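Below is one structure, written out as structure tokens; the observations come after it.
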Amino acid sequence: MQLNKLTIEEAHRGLKNKEFSAVELTEACFDSIRKQDEKLNAFITITEDQALAQAEKVDNKIKNSHQELNILEGIPVALKDNILVEDIKCSAGSKILESYIATYDATVVEKLKAAGSIIVGKTNMDEFAMGSSGETSYFGSTKNPHDLTRVAGGTSSGSTVAVASHEALFALGSDTGGSVRLPASFCGVVGFKPSYGSISRHGLIAMASSFDQIGVLSKTVKDSAYVYEALAGIDKFDSTTRKQKINVFEDIDKDIKGKRIGLPKEFFIEGMDSEVKELVLKAVAKLEALGAEVVEVSLPRTKYALAIYYVLVPAEVSSNMARFDGVRYGYRAESANLLEMYLKTRQQGLGDEVRRRIMLGTYVLSSGYYDAYYKKAQQVRRLIQQDFEDVFKKVDLLLTPTSPTTAFSLGEKFNDPLTMYLADVFTVSVNVAGLPALSLPAGLVNKLPVGVQLIGKQFDESTLFNIAEQLEKKL
Amino acid sequence: MKLDKAQIEHLANLAKLDISEEEKEKYAEQLSSILEYVDKLNEIDTKNIEPLSQVSGAIDVLRPDVVKQCFSQEKVLAEVPDLEKRQIKVKKVFEHK
């Protein structure tokens with residue numbers, strides 16, 4: 001038995017029944033990292049000593065106490081390197097934070113530690129979570145385990161590959177426009193992005209604050225549900241957390257007869273890879289076989305979602321990135337005076353895509369252009385949210401492809417930002433409206449994974465997990 | 001909307017980025033093509049539509065204004081690139097005449 005290949009559920013059972021120890025489980029993950037990570041480049045920092053010490057604690061508890069074992073206790077997890085873990089480096093994939101050591105735990109980390117999870121390391125990512133392929137990382141691209149010449153997808157590239165390659169049993173990423181779902185689709189794992197406001201962003205390095213949400217990479221739907229239950233809830237450090245966690249297990253095993261699934265016609269467009277489309281429609285047929293009712297619906301303003309995304313996100317980026325000035329922490333460039341220090345620190349410390357978005361965001365917020373771009377995009381954002389509200393009066397869930405294609409080649413889109421942005425065309429609407437969504441592996445095309453995206457009503461994770469779980473069993 | 005070099009220089013100055021001549025041209029071209037894509041928003045009539053700034057539905061979340069335990073000062077100061085007597089040190093702000 002290769003312990004690192006277990007799901008959370010299986011590993012939990014094994015630990016509880018004393019079939020193996022938490023130390024053995026953790027070591028199996030580190031063996032896998034040692035064996036593969038040089039070529040995959042999923043990790044930026046490995047925390048082996050702390051992990052093994054934590055695993056020993058869990059083993060002692062199992063040996064010496066009759067206390068119930070928490071579902072995540074003793075389970076190895078990888079964290080995207082924009083989530084702060086006290087006393088551990090946190091780079092956000094950037095030179096400017098290359099040697100930055102986090103001064104506190106993110107709320108999700110506090111919760112994982114309290115649950116007894118074992119943090120194996122911090123994972124590679126597009127710089128400050130800006131990109132779609134994992135290629136903007138200062139620490140080099142993460143490779144797709146299905147084909148090392150291809151991208152893993154971004155921005156949670158390392159977290160996704162860590163799970164796909166069994167270097168950890170699950171991982172946390174962040175999803176601003178598809179950064180959990182797109183790599184999950186490209187690498188063949190489950191990628192879950194909760195409703196905006198369900199999981200605290202405190203301690204997540206901000207990219208675009210009104211879009212960012214911490215998400216889960218896992219091997220199964222149920223595993224994502226366990227992690228959601230452990231992390232969701234109102235946090236006094238994040239005033240956008242709105243909902244106490246929802247019990248998603250109550251309904252997860254129910255049959256889905258009579259559930260209404262909408263296929264938004266705008267997501268089944270010309271130019272989509274025909275074999276990808278075929279697999280997605282196969283998943284639709286499986287849902288029908290399970291008794292769900294499938295209907296075509298329309299989200300008429302879908303084609304504007306990406307446009308508003310690339311106005312509002314850079315605007316929020318330009319504001320959030322202002323704090324990286326070389327004064328209080330991070331990289332500081334040599335300079336003759338203060339102004340030169342700002343200019344050079346930001347020029348040398350930040351990569352191309354980050355600077356491009358800062359420039360773009362500065363433009364759309366600048367005097368004379370604010371109304372034409374920023375305000376206009378916010379108005380259209382409301383219309384897109386309304387489109388979803390209207391459609392969810394008719395259906396329980398939406399199903400779309402996660403991406404129009406399978407993983408593309410490294411370098412293929414790197415020099416053309418607009419083409420790269422189009423990789424997110426099916427995922428961004430969800431963040432624009434703050435909805436929960438999940439990418440589920442639907443099969444392979446030319447040996448490369450394809451994901452279907454399930455989109456739920458805001459704060460209705462329960463229906464999302466229920467339908468995803470029932471569909472997963474048939475795929 | 002086509003951006004020219006002077007506009008790019010203005011933006012770089014606002015954003016405090018020391019970009020090279022080569023980058024000015026590159027960014028002018030790339031930002032122009034992104035803005036051209038974004039211009040499709042003008043197809044939509046947004047008269048009387050209230051802008052949406054966030055989607056959580058939260059309005060004016062308040063908390064009691066009380067002193068609480070915060071981060072460790074030692075850890076925070078340990079991250080400062082140049083520290084003297086617990087003060088953050090930077091290069092001179094004004095040039096001497």
Side-chain angles (χ1 to χ4, degrees), chain A residues 86-87 100-101 103-104 196-197 210 236 239-242 301 303-304 306-308 310-311 318 325-332 335-344 346-347 350 355-356 358-360 362-363 366 373 375-383 385 417-418 421 432-434 458, chain B residues 1 3 7-8 10-20 23 26-27 30-31 33-44 46-58 60-63 70-82 88-95:
Chain A
E86 189 171 358
D87 297 334
Y100 173 72
I101 295 170
T103 53
Y104 66 99
Y196 183 82
S210 81
K236 63 175 187 283
S239 58
T240 60
T241 49
R242 288 286 287 157
R301 281 165 288 219
K303 69 169 172 173
Y304 302 106
L306 196 66
I308 74 160
Y310 278 103
V311 173
S318 73
D325 56 9
V327 176
R328 292 153 301 150
Y329 51 84
Y331 173 78
R332 179 188 286 190
S335 66
N337 59 49
L338 185 68
L339 178 63
E340 196 183 296
M341 186 188 93
Y342 293 147
L343 292 168
K344 288 195 168 165
R346 290 164 64 77
Q347 179 65 11
L350 301 172
R355 282 180 286 135
R356 183 162 36 244
I358 292 173
M359 296 275 286
L360 188 57
T362 304
Y363 178 74
S366 65
Y373 289 102
K375 189 175 161 206
K376 179 84 187 178
Q378 284 193 319
Q379 288 172 313
V380 181
R381 187 176 193 183
R382 182 173 300 279
L383 294 174
Q385 190 190 41
L418 191 56
Y421 294 173
V432 167
Q458 192 175 25
Chain B
M1 183 73 199
L3 295 182
Q7 281 171 302
I8 293 292
H10 174 61
L11 290 178
N13 177 45
L14 288 174
K16 297 286 172 278
L17 293 170
D18 184 24
I19 62 174
S20 66
E23 281 177 318
K26 186 180 79 177
Y27 284 147
Q30 290 177 338
L31 296 192
S33 90
I34 296 165
L35 289 170
E36 196 184 314
Y37 177 79
V38 161
D39 274 342
K40 70 161 92 174
L41 292 177
N42 293 323
E43 295 165 11
I44 302 186
T46 49
K47 216 175 128 198
N48 301 326
I49 303 290
E50 190 62 24
L52 180 67
S53 57
Q54 51 95 4
V55 290
S56 78
D60 296 342
V61 178
L62 303 174
R63 60 167 174 76
C70 202
F71 310 136
S72 144
Q73 282 187 11
E74 297 313 315
K75 285 183 184 179
V76 171
L77 290 174
E79 293 301 317
V80 176
D82 195 355
I88 298 171
K89 209 170 148 187
V90 293
K91 288 284 160 65
K92 63 187 172 196
V93 180
F94 302 107
E95 295 294 336

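Chain letters run A, B, ... following the sequence lines, proteins first, then strands; residues in each count from 1. Everything quoted here is computed from the prediction, not taken from an experiment.
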Task: Nearest atoms (heavy-atom pairs only) where A:T240 meets B:S56 - done: O-CB, 3.6 Å
Task: More than 12 heavy atoms from other groups under 6.0 Å of NZ on B:K40 - done: yes
TODO: With a 4.5 angstrom heavy-atom cut-off, could you sort out which part of A:E340 is near chain B: side chain, backbone, both or neither?
DONE: neither
Open item on the list: Would the distance check show the side chain of B:E79 and the main-chain N or O of A:Y100 forming a donor-acceptor pair, the cut-off being under 3.5 Å?
Closed with: no
TODO: Go through the structure and list residues passing salt bridge (Lys or Arg N to Asp or Glu O under 4.0 Å) with B:K16, not counting sequence neighbours.
DONE: none
- [ ] Measure distances from A:R242 to the heavy atoms of chain B and classify the residue's part below 4.5 Å as side chain, backbone, both or neither.
- [x] side chain
Task: Proximity breakdown for A:L339 and chain B, heavy-atom pairs closer than 4.5 Å - done: side chain
Task: For chain B, the option from A:Q385, A:K236, A:K376 that forms the most heavy-atom pairs under 4.5 Å - done: A:K376
- [ ] Go through the atoms of A:Y421 and report whether side chain, backbone, both or neither lie under 4.5 Å from a heavy atom of chain B.
- [x] side chain
Task: chain B contact via A:S318 - side chain, backbone, both or neither, heavy atoms under 4.5 Å - done: neither
- [ ] Please state whether the side chain, the backbone, both or neither of B:L77 comes within less than 4.5 Å of a heavy atom of chain A.
- [x] neither
Task: Side chains of B:Q7 and A:Y363, donor plus acceptor under 3.5 Å - done: no
Open item on the list: Can you tell me which portion of A:D87 sits under 4.5 Å from chain B's heavy atoms? Options are side chain, backbone, both or neither.
Closed with: side chain
Open item on the list: Tell me the closest heavy-atom pair linking B:K91 and A:L338, and the distance in Å.
Closed with: O-CB, 3.8 Å
Task: Contact class of A:M359 relative to chain B, heavy atoms under 4.5 angstrom - done: both
Task: Which portion of A:A377 sits near chain B, non-hydrogen atoms under 4.5 angstrom - done: both
TODO: Go through the atoms of A:L306 and report whether side chain, backbone, both or neither lie under 4.5 Å from a heavy atom of chain B.
DONE: both
Open item on the list: Which atoms of A:Y104 are under 4.5 Å from chain B, going by heavy atoms: the side chain, the backbone, both sets, or neither?
Closed with: side chain
Open item on the list: If I measure from the heavy atoms of chain A, does B:K26 come under 4.5 Å with its side chain, its backbone, both, or neither?
Closed with: side chain
Open item on the list: Counting heavy-atom pairs closer than 4.5 Å to chain B, which one of A:Y310, A:Y329, A:Y304, A:Y342 comes out on top?
Closed with: A:Y304
Open item on the list: Assess the residue pair A:Q379 and B:I44 against the criterion (side chain to side chain contact (heavy atoms under 4.5 Å, CB included)); give the C-alpha distance rounded to whole Å, side-chain angles, the decisive distance to 0.1 Å, and a yes or no.
Closed with: CA-CA 10 Å; A:Q379 288 172 313; B:I44 302 186; over 6 Å; no
Task: Selection from B:L62, B:V90, B:L41 maximising heavy-atom pairs under 4.5 Å formed with chain A - done: B:L41
TODO: Compare all side-chain heavy atoms of A:L360 with those of B:Q30 and state whether any distance is below 4.5 angstrom.
DONE: no
- [ ] Could you walk me through whether A:Y196 and B:Q54 pass side-chain hydrogen bond (donor to acceptor under 3.5 Å, both in side chains), step by step?
- [x] CA-CA 9 Å; A:Y196 183 82; B:Q54 51 95 4; 5.8 Å; no
Task: B:T46, part contacting chain A, at a heavy-atom distance under 4.5 Å - done: both
Open item on the list: At a heavy-atom distance under 4.5 Å, which candidate from B:V38, B:D82, B:L11 has the highest pair count against chain A?
Closed with: B:L11
Task: Heavy-atom pair with the smallest gap, counting every atom of B:L14 and A:S366 - done: CD1-CB, 4.4 Å
Task: Minimum heavy-atom distance between B:S33 and A:L418, given as atom pair plus value - done: O-CD2, 3.9 Å
Task: pair A:R346-B:D18: side-chain heavy atoms closer than 4.5 Å - done: no
- [ ] Determine the minimum heavy-atom distance between B:Y37 and A:K303, stating which atoms define it.
- [x] OH-O, 4.4 Å
Task: Distance (rounded to the nearest 0.5 Å) between A:R382 CZ and B:I49 CD1 - done: 8.5 Å
Open item on the list: Shorter than 4.5 Å, heavy atoms on both sides: which option in B:N42, B:I8, B:I19 has the most such pairs with chain A?
Closed with: B:I19
Task: Max heavy-atom pair count under 4.5 Å with chain B, selected residue of A:R356, A:E86, A:K344, A:M341 - done: A:R356
TODO: Using a cut-off of under 4.5 Å on heavy-atom pairs, state which of A:L350, A:V432, A:V327 scores highest against chain B.
DONE: A:V327
TODO: Below 4.5 Å from any heavy atom of chain A, which atoms of B:E74 appear? Answer side chain, backbone, both or neither.
DONE: neither
- [ ] Let me know if B:E50 has heavy atoms under 4.5 Å from chain A in its side chain, its backbone, both or neither.
- [x] both
TODO: State, to 0.1 Å, how close B:P81 and A:G330 come at their nearest heavy-atom pair, and which atoms those are.
DONE: CG-O, 3.6 Å
TODO: Let me know if B:I88 has heavy atoms under 4.5 Å from chain A in its side chain, its backbone, both or neither.
DONE: side chain
